[in-house]
Amino acid sequence: AVERTLSIIKPDAVAKNVIGKIYSRFEDNGLKIIAARMIHLSRQEAEGFYAVHRERPFFKDLVEFMISGPVMVQVLEGEGAVLKNRDLMGATDPKQAAPGTIRADFAQSIDANAVHGSDAPETAAVEIAYFFPALNVYSR
Ligand code: CMP
């Protein structure tokens, strides 16, 4: 089915100037960018986005990292977009990520891991709504 997923290019990858290279991975693999914005998240915005991880030991470091610089946030649309984006990203820990994946090629560590992608269509809907009012999403 045609799906949508939320993608974030994290501060490490924005600082490395590889937004375009990562966008090409999406476009070359049938994912269309149908909404996008660059933002420097406030602490409150980052904590709200990652609220499901609030009790995890890595939460504080994750939030600190995500507010350390601007991020590029986009909605990707395509056949099986959620899984396709996760395949393109590779494992959360770049040391475990398969060769040729975004994290293997651009990421340093489990915190500075270049990209975020929704883990299921239901989460994608919540995450997309967090950043984009429906009128700012441009499907076909
Ligand atoms: P992301 O897909 O953005 O979702 C939560 C983030 O927490 C994850 O990517 C990692 O960057 C970060 N993180 C740090 N430590 C861990 C961990 N042990 N397990 C999962 N995610 C972690």
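Basis for what follows: all heavy atoms, side chains included, without hydrogens, waters or symmetry-related copies. Whatever order the structure lists ligands and atoms in, that order sets their numbers, starting from 1.
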For R86, check side-chain hydrogen bond (donor to acceptor under 3.5 Å, both in side chains) against everything at least two apart and list the hits. none
Can a donor-acceptor pair be found, under 3.5 Å and without considering hydrogens, that links the side chain of E79 to the backbone of A1? yes
Heavy atoms of M72 and M38 approach each other most closely as SD-CB, 3.7 Å
Is there any salt bridge (charged side-chain N to carboxylate O under 4.0 Å, His left out) pair reaching into residues 94-108, and which pairs are they, with sequence neighbours excluded? R25-D105, D93-K95
Identify, with sequence neighbours excluded, every residue that meets side chain to side chain contact (heavy atoms under 4.5 Å, CB included) alongside E64. R43, K60, I67
Lining ligand 1 at under 4.0 Å, by non-hydrogen atom distance, are residues K10, Y50, H53, F58, L62, T92, R103, I110, D111, N113, H116
Using the ring of each side chain (for Trp, its six-membered ring), is H116 parallel, tilted or perpendicular to Y50, with breaks at 30° and 60°? perpendicular
